[in-house]
Structures are given as C-alpha cells and as structure tokens.
> 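So that we are looking at the same thing, I have put the structure below in structure tokens.
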Amino acid sequence: MTTSPSAEMYRLINGYQITQAIYAAVHLGVADQLKDGPRPNDDLAARIDVHAGALYRLLRALAAAGVLHEHPARSFSLTPMGDCLRSDSSTPVGAWAAFVGRPYMWGAWGHLLHSVRTGNNAFTDLNGKSVWQFRAEHPEESAIFDQAMTALSKNATDAILKAYDFSPFRLIVDVGGGRGQALAGILAANPDMHGILLDQPHVVEKARPLLASAGVADRCEIVAGSFFEAAPSGADAYILRAILHDWEDNEAILILRACRHAARATSRILIIDRVIAPPNEGLIGKCSDLNMLVSPGGRERTREEFSDLCSATGFAVAGVTPAGPMLSIIEARPS
C-alpha cells in the first residue's frame, strides 16, 4: 500500500512524538520488564508503578511503531527493535534514547530556528553556557551522557574491528575515549597491544571497572587530561572516535595539533566519525549535523573538510574506510 506525499510529510512532522514515547518507555524500564516474554499491561503497570490506562496508550502507540507487539487482552512483548532498548542488549540503543529525550536536549532542538537565523549555537544562547559546562554542573546529566556514549561505542566497536586492521600497532591512544568501551574492545581483539585512555578526570575515574571487566586493565594506562592541551607521546596510533564532530574547526585543529605534537613520524591518526554523504543522501548524518548546530556546537564534515583539517595540522589523509552504516575511519599520517 502506497502512501500519499502529505501522509509521508505528517509522518516526518510527528517524529518527535515517537522520540518522546521511546524516551518514556526507556525511563520506565519497559524493555527490561518484557525481556522474558509477553506481559499484561496491568501487571506491567503495577511493576513499574504507573497509571495502567496511560501506560496502555503509550504501549499501543509503540506497538504501532514496531517497537513492541500487542497481543490479545492488552498484553505486550518486545519486537527485535524493542529488544535493543534492554539495558543488557548486545546492540544497545536505550541509553541513547534516555539521553536525547532529556529536557535540556529537547530544549536546544526547540531553538533550531534561532540557530538557522543566526548561525549561533542554540544551547549556548538559550542557557548562557555551553552544553559541556552545563553537564559539568549537573553530574546526573553527565552520567546519562557518559552512558549514552559508552553504548554508542559498544555498538560501533564490532564494525570498526571488522573494517580496519589494528594488529600492526603495539601502542594506541584513545583520545577522548570516555570510559574506555571502544579501547577495551580493540585491546581484547589484539592481545599483544597496549593502550592509553585519555579523557577528563571525572570521566576516566569511572573507566577502571569497564576495562577490568573486559580483561584488559593490565594493558591499559589511564591518563586524565585535556585533549586540547596534550596527548601521550610516542604511540603507533591515535584514535579520535566521535570527537572532532563535537567542535568547530578552530577547536578541532587544537585537538589535532596536540596529537601531531605527540605523534612519531610513523604514527597514524584514526578519525572515526560520520562523513557527510552526497546531496540527497544520508539523512541520519545530516540530522546529526543539525544536532551539532543546536547542542555541542560542532559539525559533521565531508571527506574534503576532514582533509582540510588534517592538512592544517601536519597530517595527510591516506584513506577513508566505511565502518558500518554510520561511521567511517579516516586514516591520516604525518605529512
């Protein structure tokens, strides 16, 4: 059955409603309650302590969206999509839903028109501070953000390992590597490799348990610091996964220069980020670019823009390798 252009437009316009419905379900832990099989709505409502009638209205909408499946007698189960919302999913996206539905993120998107009119970052103009300052002042929001980044790293690591051969490297630095999810995966797949995790003190202080659970803590050094100022020297490779897109060119150049000062002549820098698709393609990447405009203040970039950043900081792009449907690995070498 085909739909009319106006019906498709309605679907796009109303997309925010699905976002908030998924956010509510994740916040309530619905997927974890359904992981063992179908459960009646009223039983589920009692378990999570919410209004049964309102919960049913939420769940039936999510079933219509394909996130859940509604059975007779108002019973619900997870679909393959909904299964990704479980906290223990092997392909977790629930932490991302919990992050993007937060009021401060929602508020920044509500001021997209302001950013388009002025070119300014919506969050900063709305709140009088950057989103990074805001999260530093609100540890609970910082924790939700860190969880989302850890989940994204877990999803991306398998694709990265399939796309790129890390085995020639003996020492790698994960620059801005958060709690070390990606680094742990790379080290686990390369038992002769050692790693250094670099991030802010309040982030890396939570990294040790994750590295230990992956069995790589004895091969990983944790360094607290700012990637604008310096990176550990002498590594074979420097990884920047989802880092440069958070910043405009001036700040991105500072990060790359810190890596260039630390790198040896034979070092590699691996920028793992989205690459903007050609015209009329790549909706997810181009919406992510709008997210950079309204919240962190950075941008997604084309291959040519990555090449320009590298050239300005003493690197030359040697190749670009797709890593799954959303990321690419831009490999650069000292020029």
Side-chain angles (χ1 to χ4, degrees), residues 149 153 156-157 160-161 163-208 210-212 214-247 249-273 306-321 323 327-335:
M149 295 305 102
S153 294
T157 300
I160 292 167
L161 287 170
Y164 190 87
D165 180 14
F166 289 87
S167 63
F169 306 134
R170 290 295 169 264
L171 176 63
I172 63 173
V173 177
D174 194 352
V175 180
R179 298 179 182 177
Q181 180 73 53
L183 182 58
I186 294 170
L187 292 179
N190 296 273
D192 295 327
M193 182 186 293
H194 286 73
I196 300 175
L197 177 66
L198 170 68
D199 213 315
Q200 297 178 82
H202 73 277
V203 176
V204 295
E205 69 182 8
K206 302 172 183 176
R208 185 62 63 185
L210 190 154
L211 296 169
V216 300
D218 60 330
R219 292 189 282 126
C220 187
E221 178 185 354
I222 295 175
V223 175
S226 168
F227 50 42
F228 291 116
E229 298 171 2
S233 61
D236 299 309
Y238 293 82
I239 299 171
L240 291 164
R241 197 200 73 79
I243 299 298
L244 295 187
H245 77 159
D246 284 335
W247 306 97
D249 287 354
N250 288 341
E251 291 84 4
I253 284 172
L254 290 177
I255 298 168
L256 288 170
R257 279 181 179 160
C259 293
R260 182 63 186 90
H261 290 154
R264 296 182 285 108
T266 56
S267 298
R268 301 289 181 265
I269 187 163
L270 304 176
I271 303 167
I272 303 173
D273 243 322
F306 279 116
S307 182
D308 290 344
L309 283 180
C310 289
S311 296
T313 53
F315 290 105
V317 171
V320 178
T321 303
L327 295 175
S328 293
I329 301 171
I330 299 100
E331 178 183 324
R333 306 177 183 186
S335 56

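Everything quoted here is computed from the prediction, not taken from an experiment.
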> So Arg241 and Leu270, do their side chains get closer than 4.5 Å, heavy atoms only?
no
> What I'd like to find out is whether the side chain of Leu211 reaches to under 4.5 Å of the side chain of Asp218, using heavy atoms alone.
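They are not in side-chain contact.
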> Could you report the tightest heavy-atom contact between Leu198 and Ala224, atom names first, then the distance?
CD1-C, 4.4 Å
> Below 4.5 Å, heavy atoms only, C-beta onward: do Ile269 and Ile239 meet side chain to side chain?
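Contact flag for Ile269/Ile239 side chains = no.
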> If you apply the rule side-chain contact (heavy atoms from CB on, under 4.5 Å), what do you find for Gln200 with Ser226, and how did you get there?
CA-CA 6 Å; Gln200 297 178 82; Ser226 168; over 6 Å; no
> Under the side-chain hydrogen bond (donor to acceptor under 3.5 Å, both in side chains) test, which residues partner Arg260, sequence neighbours left out?
none
> Determine whether Ile172 and Ile196 satisfy the following criterion, side-chain contact (heavy atoms from CB on, under 4.5 Å), listing intermediate values before the conclusion.
CA-CA 6 Å; Ile172 63 173; Ile196 300 175; over 6 Å; no
> Is any side-chain heavy atom of Glu251 closer than 4.5 Å to a side-chain heavy atom of Leu244?
no
> Nearest heavy-atom pair of Ala312 and Ile253: which atoms, and what distance?
CB-CD1, 4.2 Å
> Under the rule for side-chain contact (heavy atoms from CB on, under 4.5 Å), what residues qualify as partners of Val317, not counting sequence neighbours?
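If we apply the side-chain contact (heavy atoms from CB on, under 4.5 Å) test to Val317, skipping adjacent residues, the hits are Ser307, Cys310, Val320, Ile330.
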> Go through Leu197 and Val223 one step at a time and tell me if the side-chain contact (heavy atoms from CB on, under 4.5 Å) criterion holds.
CA-CA 6 Å; Leu197 177 66; Val223 175; over 6 Å; no
> So, Ser267 side chain and Ala235 main chain: donor-acceptor pair closer than 3.5 Å or not?
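It does hold such a pair.
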> Taking distance alone, no hydrogens or angles, what donor-acceptor pairs closer than 3.5 Å link side-chain atoms of residues 174-187 to residues at least two apart or in another chain?
none

> At what distance, to the nearest 0.5 angstrom, does CD1 of Ile329 lie from CD1 of Ile272?
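Result: 5.0 Å between the selected atoms.
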> Looking at every heavy atom in both Gly234 and Leu171, which two are closest together, and how far apart are they?
O-CD2, 4.3 Å
> Under the rule for side-chain hydrogen bond (donor to acceptor under 3.5 Å, both in side chains), what residues qualify as partners of His194, not counting sequence neighbours?
none
> Can you name the side-chain hydrogen bond (donor to acceptor under 3.5 Å, both in side chains) partners of Arg264, sequence neighbours left out?
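For Arg264 the side-chain hydrogen bond (donor to acceptor under 3.5 Å, both in side chains) partners, ignoring immediate neighbours, are Asp236, Thr266.
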> For Thr321 and Ala163, which heavy atoms make the closest approach, and how far apart are they?
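The answer is CG2-O, 3.6 Å.
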> Quick one: pull up OG1 in Thr313 and NE2 in His261 and give me the separation to the nearest 0.5 Å.
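It comes to 9.5 Å.
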> Donor-acceptor check, side chain of Arg268 to backbone of Tyr238, threshold 3.5 angstrom: yes or no?
no
> Which residues pass the ring-ring contact (aromatic ring centres under 6.0 Å, His included) test with Phe306, not counting sequence neighbours?
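Testing Phe306 for ring-ring contact (aromatic ring centres under 6.0 Å, His included), a comparison that skips the adjacent residues, returns none.
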> If the condition is side-chain contact (heavy atoms from CB on, under 4.5 Å), which residues does Ala316 pass it with, not counting sequence neighbours?
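Per chain and number, Ala316 pairs via side-chain contact (heavy atoms from CB on, under 4.5 Å) with Ser335.
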> Heavy-atom distance under 4.5 Å between the side chains of Phe227 and Leu240, does that happen here?
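A side-chain contact is absent here, since even the closest heavy-atom pair is not under 4.5 Å.
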> Tell me, please, which residues at least two apart from Asp249 pass salt bridge (charged side-chain N to carboxylate O under 4.0 Å, His left out).
Arg301
> What distance separates Asn190 CG from Leu161 CG, expressed to the nearest 0.5 Å?
7.0 Å
> With sequence neighbours left out, what residues match Ala212 under side-chain contact (heavy atoms from CB on, under 4.5 Å)?
Ala217
> What residues form a side-chain contact (heavy atoms from CB on, under 4.5 Å) with Ser233, not counting sequence neighbours?
Ala262
> Can you list everything that forms a side-chain hydrogen bond (donor to acceptor under 3.5 Å, both in side chains) with Asn250? Sequence neighbours excluded, please.
none
> Under 3.5 Å, side chain of Asp165 to main-chain N/O of Ser167, donor-acceptor pair present?
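Yes: the side chain of Asp165 pairs with the backbone of Ser167.
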> Kindly compute the distance separating CG (Asp192) from CZ (Arg170), expressed to the nearest 0.5 Å.
5.5 Å
> With sequence neighbours left out, what residues match Phe169 under ring-ring contact (aromatic ring centres under 6.0 Å, His included)?
none
> Evaluate side-chain contact (heavy atoms from CB on, under 4.5 Å) for Ile255 paired with Arg257, printing each intermediate quantity in order.
CA-CA 5 Å; Ile255 298 168; Arg257 279 181 179 160; over 6 Å; no
> Work out which heavy atom in Ala332 is nearest to a heavy atom in Phe315; give both atom names and the distance.
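Heavy-atom minimum between the residues: CB-CB, 3.9 Å.
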